[in-house]
Amino acid sequence: MQYSIFALDVETANRDSRSICSVGWSILENGEVVETDQRLVNPEEEFDMRNVRVHGIRPSDVWDAPALPEVLSSLYPILREVDLVIAHNASFDMGALRKAIVKYDLFDFPTIEYGCTVKLSRKLYPGLPNHKLNTMAEYLNVPFLHHDAAEDARVCALLMRDMMQKTSITNPKELHRYTSVKTGTLAY
């Protein structure tokens, strides 16, 4: 079966999750990561030093970066075509997108169905001490730079691939049904 999955990760400038300052993604097609990239985003909000310490993105890094509407609009064609969008702890990333969509009135954002690899990993790897992304990268034995949006998205995609291989389920939505993990919908 042919499938295309869009793994997404966002980093934020401050405690308000709508303050997206980086968007990373990785595209998994038929078991292969075919693209991994990220864009810095001018959140048009103040940075909190706690967030800077986590991801290393400073206000000076994004002064000339586009605002979120421009970054997302370049991803709309891809988002409209994929079978599923995934994120590790999707409630955070999708919540950030939801709040940013409202902030910028991005009501042309495509309807997407999304899944959560942290919830899936809890079901499929119950013996691990935790299911944080760095733990999952170590389990997969892949190099990893945590809190880099592109790296987080890449490991999320590789984790999804591993879970699909482990279960021999080739449809990402079927994998969610198999594990009783519900997918969500982001629609406006």
Side-chain angles (χ1 to χ4, degrees), residues 2-13 17 19-41 43 47-62 65 68 71-72 74-75 78-79 82-97 114-172 175-176 179 181:
Q2 304 277 348
Y3 64 86
S4 181
I5 300 169
F6 187 93
L8 173 74
D9 185 74
V10 301
E11 300 297 333
T12 59
S17 62
S19 66
I20 296 171
C21 62
S22 179
V23 175
W25 65 90
S26 196
I27 300 172
L28 180 68
E29 289 183 351
N30 307 314
E32 297 299 322
V33 173
V34 297
E35 178 182 333
T36 299
D37 206 348
Q38 77 174 5
R39 296 287 181 272
L40 290 177
V41 177
F47 275 74
D48 184 316
M49 286 312 295
R50 285 175 284 221
N51 292 57
V52 172
R53 279 191 290 277
V54 169
H55 52 59
I57 301 168
R58 301 184 166 284
S60 59
D61 297 328
V62 299
L68 192 63
V71 172
L72 287 180
S74 68
L75 297 175
I78 300 167
L79 291 171
V82 297
D83 297 301
L84 190 67
V85 174
I86 59 170
H88 202 73
N89 191 13
S91 62
F92 174 78
D93 296 281
M94 296 306 142
L97 273 180
Y114 65 87
C116 181
T117 56
V118 75
K119 289 181 180 179
L120 290 170
S121 68
R122 287 179 183 142
K123 298 274 187 159
L124 294 171
Y125 309 101
L128 294 177
N130 63 60
H131 297 86
K132 296 176 183 176
L133 200 51
N134 58 331
T135 302
M136 299 314 300
E138 186 176 318
Y139 173 81
L140 295 172
N141 197 29
V142 294
F144 180 52
L145 177 62
H146 203 12
H147 296 297
D148 173 276
E151 282 283 299
D152 288 4
R154 180 183 64 84
V155 171
C156 181
L158 293 172
L159 176 58
M160 187 68 170
R161 177 179 73 182
D162 190 71
M163 291 186 287
M164 293 173 79
Q165 289 172 344
K166 176 183 175 94
T167 60
S168 299
I169 296 174
T170 58
N171 179 316
L175 180 65
H176 280 77
T179 56
V181 172

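The CG atom of Asp152 sits 10.5 Å away from the CG atom of Leu8 when rounded to the nearest 0.5 Å. Here the straight-line distance linking atom OG of Ser26 with atom CG of Asp9 works out to 11.0 Å at 0.5 Å rounding. Here the CG atom belonging to Asp83 is positioned 9.5 Å from the CD atom belonging to Gln2, to the nearest 0.5 angstrom.
The two residues Ser121 and Met163 come nearest to each other via the heavy atoms N-SD, 3.8 Å. Contact record, Asn130 with Met136: O-SD, 4.4 Å, taken as the closest heavy-atom pair. Ile20 approaches Pro43 most closely through the heavy-atom pair O-CB, 3.4 Å. Contact record, Cys21 with Ala13: SG-N, 3.8 Å, taken as the closest heavy-atom pair. Taking all atoms of both residues into account, the shortest heavy-atom contact from Ile86 to Met160 is CD1-CB, 3.6 Å. Residues Glu151 and Leu145 approach most closely at OE1-N, 3.1 Å, considering heavy atoms.
Asn30 places a side-chain heavy atom less than 4.5 Å from the side chain of Tyr3. The shortest distance between side-chain heavy atoms of Thr117 and Leu133 does not fall below 4.5 Å. With a 4.5 Å cut-off on side-chain heavy atoms, Val85 and Met94 count as touching.
Using a distance-only test at 3.5 Å, with no hydrogens or angles considered, a donor-acceptor pair links the side chain of His131 to the main chain of Tyr125. A distance-only check finds no donor-acceptor pair linking the side chain of Glu35 to the backbone of Ile27 [under 3.5 Å]. With hydrogens and angles disregarded, no donor-acceptor distance shorter than 3.5 Å links the side chain of Lys119 to the backbone of Val181.
Of the residues listed (Asp93, Asn51, Asp48), the one engaging Thr12 in a side-chain hydrogen bond (donor to acceptor under 3.5 Å, both in side chains) is Asn51, and it is the only one.
Between His55 and Phe47, the angle of the ring planes goes over 60°, which puts this pair in the perpendicular group of the 30/60° scheme.
Heavy-atom neighbours of Gln165 CD from other residues, nucleotides or ligands within 6.0 Å: above the threshold of 12.
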Kindly determine whether Met164 and Ile5 satisfy side-chain contact (heavy atoms from CB on, under 4.5 Å), including the steps that lead there. CA-CA 12 Å; Met164 293 173 79; Ile5 300 169; 3.9 Å; yes

